[in-house]
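Please read these numbers as outputs of a predicted model, since none were measured by experiment. Both counts, for ligands and for their atoms, begin at 1 and track the order of listing.
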Amino acid sequence: MIHFLPSYDTEAPGCLEGVKNIVRVHERLQAPATFFIVARLLEEKKSEYQALLKDNPLFEIACHTYTHMPLVDTPRFGKAGTPDRYHRELVESKKLLEDTFETPVVGFRTPVGAPDGLRGKEEALSVLRQAGYTYISSAAWGPDFSLPAPLRSPFTYAEEGYPELWEIPVCGWHENLLKGHNVKQPILLLLFPVQMPEAVPQDYVRTPEEEFRYNSKPFIDLAVREQVPEVNFAWHPWSLTILDPNMRMVEMTINYARENELRLSTFSELRAALQTRPNG
Ligand SMILES: [Zn+2]
């Protein structure tokens, strides 16, 4: 069984419009989704997000820190926040999400991410585990902060002492970079030799069809060939809705996953299935 986990890093003011469009397509297709939300957005738009996401059995609410603070230094996308901020960013954020949506929050996605997720980041892992998270999603780059991120199987942080804390990696492109939405000049992202030529366009993608062709389809095809447990992408409501307010790429990807007999799930549904799996 291969799971496809549609997920949305909800992190900027422009996300509200994007989430409206995303909710519409997910309800029409009866497709589950996980929303990793920056808690600060709720200070101003709490009732709007409640109206869109609260009490909908299709949707899981998860955490994307309080202010979009990275946990790992990245060469081109910012420095990690310091541990004195962990309580607010990892714990208070979770509480605010739980109070707002009246649901437990067990998942965390690290802003920006890192090639190996939070491997070796004992202090952050300890706070996350104590806060009650059961999975994190932070492995979101290839070697040396390259894209697209390779397709990888989930793993646990047993090496750091947290065997019950799972990493659910992200594959493919950070779609905002694939479109040039927040970095307008050429930047160093590709590995040589190219690992997946079918996933590498010559220029920014300009249409939903191109995004499906270069990002969604190659990774779903690879997941089917390799029979990995899950596929999920770094999708952002603010960026998706600039290129594609009707969410046609999302719809194409969901339909293609279903045609290939992937099971659409939330992250916590996959996490529950991993409980019984041997660590891989
Ligand atoms: Zn983010």
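A donor and an acceptor atom, one from each side chain of Glu164 and Tyr135, are nowhere located under 3.5 Å apart. Side chains of Asn255 and Arg258: no donor on one and acceptor on the other come within 3.5 Å. Looking only at atom types and distance, the side chain of Asp144 has no donor-acceptor partner in the side chain of Ser146 under 3.5 Å away.
Note on His236: not counted as a metal contact of the Zn ion (ligand 1), no N/O/S atom lying under 2.8 Å. Not a single N/O/S atom of Asp9, whether from backbone or side chain, sits less than 2.8 Å from the Zn ion (ligand 1).
Between NE2 of His64 and NE2 of His68, the angle at the Zn ion (ligand 1) works out to 100°, rounded to 10 degrees.
One finds no salt bridge joining Glu209 and Arg213 here, because no Lys/Arg side-chain nitrogen approaches an Asp/Glu carboxylate oxygen to under 4.0 Å.
Within Glu11, OE1 is the N, O or S atom that lies nearest to the Zn ion (ligand 1).
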